[in-house]
Amino acid sequence: MLFPHRLVAIRFPALLRVALLMLGLPCLLGEVLAQKGALSHPPNELVKKYFELDQKGAKLDSLSYETLAPYREWQEEPAWGRIVVIRGFSVAEHYRQWEVVNWLEVVIPVTFEVIGYVYLETAGFVPESSVEEVRVRVKSVKNRWRIIEPVLPPHVGQKRMINFVREAWVKETEPAKRASLAALQEELRKAK
């Protein structure tokens, strides 16, 4: 062998790349599995991710609605006439706060800070500061955690709802509807 050091130099970076990939793969794989509801992760992570997406407006249009499919068991949602506008939400973190039905089914409390409700038919906003508590049933379906019930109307964050109304206002051509959307946007801004 005339140039053995060249062979080592060529092979070492390739082995190093493979080793680094192997070290990073479990972390990446863990994130992917957590997002898809792997049973090796606590079910409250799935509930939290679902409502984070809902808060960002995932139920507001059909394209983004599909992002919620890996988290829920039902295929279709009803046509909602109202949207719950929220300041935030919290998911019970500790299993002692849950109702454990069995090893593969739990009920996890979720609390929403409600600001009010937007009614889509009238483009009206009804301010109503309250706390809404929901018990979310999560069950193992085909070896993945899935939300079984309840099927809730969209619970959208205030800022996202303002942006959603602004987008509708930009697309609207009728002056009367534009005026009601502008009024709705202003009411949402003022809501505390």
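The residues of the chain are indexed from 1 along the displayed sequence.
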Report task. Give me the other members of the hydrophobic cluster that V141 sits in, counting Ile, Leu, Val, Met, Phe, Trp and Tyr linked by side-chain heavy atoms under 4.5 Å, directly or via other members. Result -> I148
Query raised in the report: If Ile, Leu, Val, Met, Phe, Trp and Tyr residues are connected whenever their side-chain heavy atoms lie under 4.5 Å apart, and connections chain through other members, are I115 and V134 in the same group?
Result: no
Query raised in the report: Partners of Q97 by side chain to side chain donor-acceptor pair (under 3.5 Å), sequence neighbours excluded?
Result: none
Requested in this report: Using modelled atom types only, decide if a donor and an acceptor are shared between the side chain of W98 and the backbone of A92 within a distance under 3.5 Å.
Outcome: yes
Requested in this report: Enumerate the residue pairs fulfilling salt bridge (charged side-chain N to carboxylate O under 4.0 Å, His left out) with a member in residues 116-135, sequence neighbours excluded, ordered by first and then second residue.
Outcome: E99-R135
Query - Chi angles and distances behind the side-chain contact (heavy atoms from CB on, under 4.5 Å) call for L53, Y71 - result: CA-CA 10 Å; L53 291 169; Y71 304 96; 3.7 Å; yes
Report task. Would you give the length of the straight line joining atom CZ of F89 to atom CD of E52, rounded to the nearest 0.5 angstrom? Result -> 5.0 Å
Query raised in the report: ring-ring contact (aromatic ring centres under 6.0 Å, His included): which pairs involve residues 101-128, sequence neighbours left out?
Result: F51-F112, F112-H155
Report task. Could you name each residue pair satisfying salt bridge (charged side-chain N to carboxylate O under 4.0 Å, His left out) that touches residues 151-165, not counting sequence neighbours? Result -> R160-E167
Query raised in the report: Are V170 and I162 joined in one hydrophobic group, where the rule is that I, L, V, M, F, W and Y side chains link up if heavy atoms are under 4.5 Å apart?
Result: yes
**Report entry** Pairs meeting criterion side-chain hydrogen bond (donor to acceptor under 3.5 Å, both in side chains) with involvement of residues 182-192, two or more places apart
**Finding:** none
Query raised in the report: Do you know which two heavy atoms are closest between L184 and A123, and how far apart they sit?
Result: CB-O, 3.6 Å
Query raised in the report: What residues join V107 in its hydrophobic cluster, counting side-chain heavy atom gaps under 4.5 Å, either direct or through other members?
Result: V101
Query raised in the report: Mind checking what makes side chain to side chain contact (heavy atoms under 4.5 Å, CB included) contact with W169, not counting sequence neighbours?
Result: R178, L181, A182
Report summary line: Between the CD atom in E66 and the CG atom in D61, the distance rounded to the nearest 0.5 Å is 10.5 Å
Report task. Identify whether L60 and V151 are in the same connected component of the hydrophobic contact network (ILVMFWY, side-chain heavy atoms under 4.5 Å). Result -> no
Requested in this report: Tell me whether F164 is reachable from V126 by hopping between hydrophobic residues (I, L, V, M, F, W, Y) whose side-chain heavy atoms are closer than 4.5 Å.
Outcome: no
Query raised in the report: From L46 CG over to R146 CZ, what is the distance, rounded to the nearest 0.5 angstrom?
Result: 7.0 Å
Query raised in the report: If you group Ile, Leu, Val, Met, Phe, Trp and Tyr by side-chain heavy-atom gaps below 4.5 Å, do L152 and V91 land in one group?
Result: yes
Query raised in the report: Is the closest side-chain heavy-atom distance between Y50 and V136 below 4.5 Å?
Result: no
Query raised in the report: Does the side chain of V165 come within less than 4.5 Å of M161's, by heavy atoms?
Result: yes
Report task. Could you tell me which residues satisfy side chain to side chain donor-acceptor pair (under 3.5 Å) with R137, sequence neighbours excluded, listed by chain and number? Result -> E105, E149
Requested in this report: With sequence neighbours left out, write down each residue that passes side chain to side chain contact (heavy atoms under 4.5 Å, CB included) with P154, or none if nothing qualifies.
Outcome: D54, K59, W80, I83, V156
Query raised in the report: When rounded to the nearest 0.5 angstrom, what is the spacing between CD in E172 and OG in S180?
Result: 8.0 Å
Query raised in the report: Which residues pass the side chain to side chain donor-acceptor pair (under 3.5 Å) test with R87, sequence neighbours left out?
Result: none
Query raised in the report: In chain order, what residues pass the side chain to side chain donor-acceptor pair (under 3.5 Å) check against R166, with sequence neighbours excluded?
Result: N163
Query raised in the report: Is any side-chain heavy atom of V85 less than 4.5 Å from a side-chain heavy atom of Q158?
Result: yes
Query raised in the report: To the nearest 0.5 Å, how far apart are CD in E45 and CD1 in I108?
Result: 10.0 Å
Report task. Measure from the side-chain N and O atoms of W145 to the backbone N and O of H41, and report whether any donor-acceptor pair falls under 3.5 Å. Result -> yes
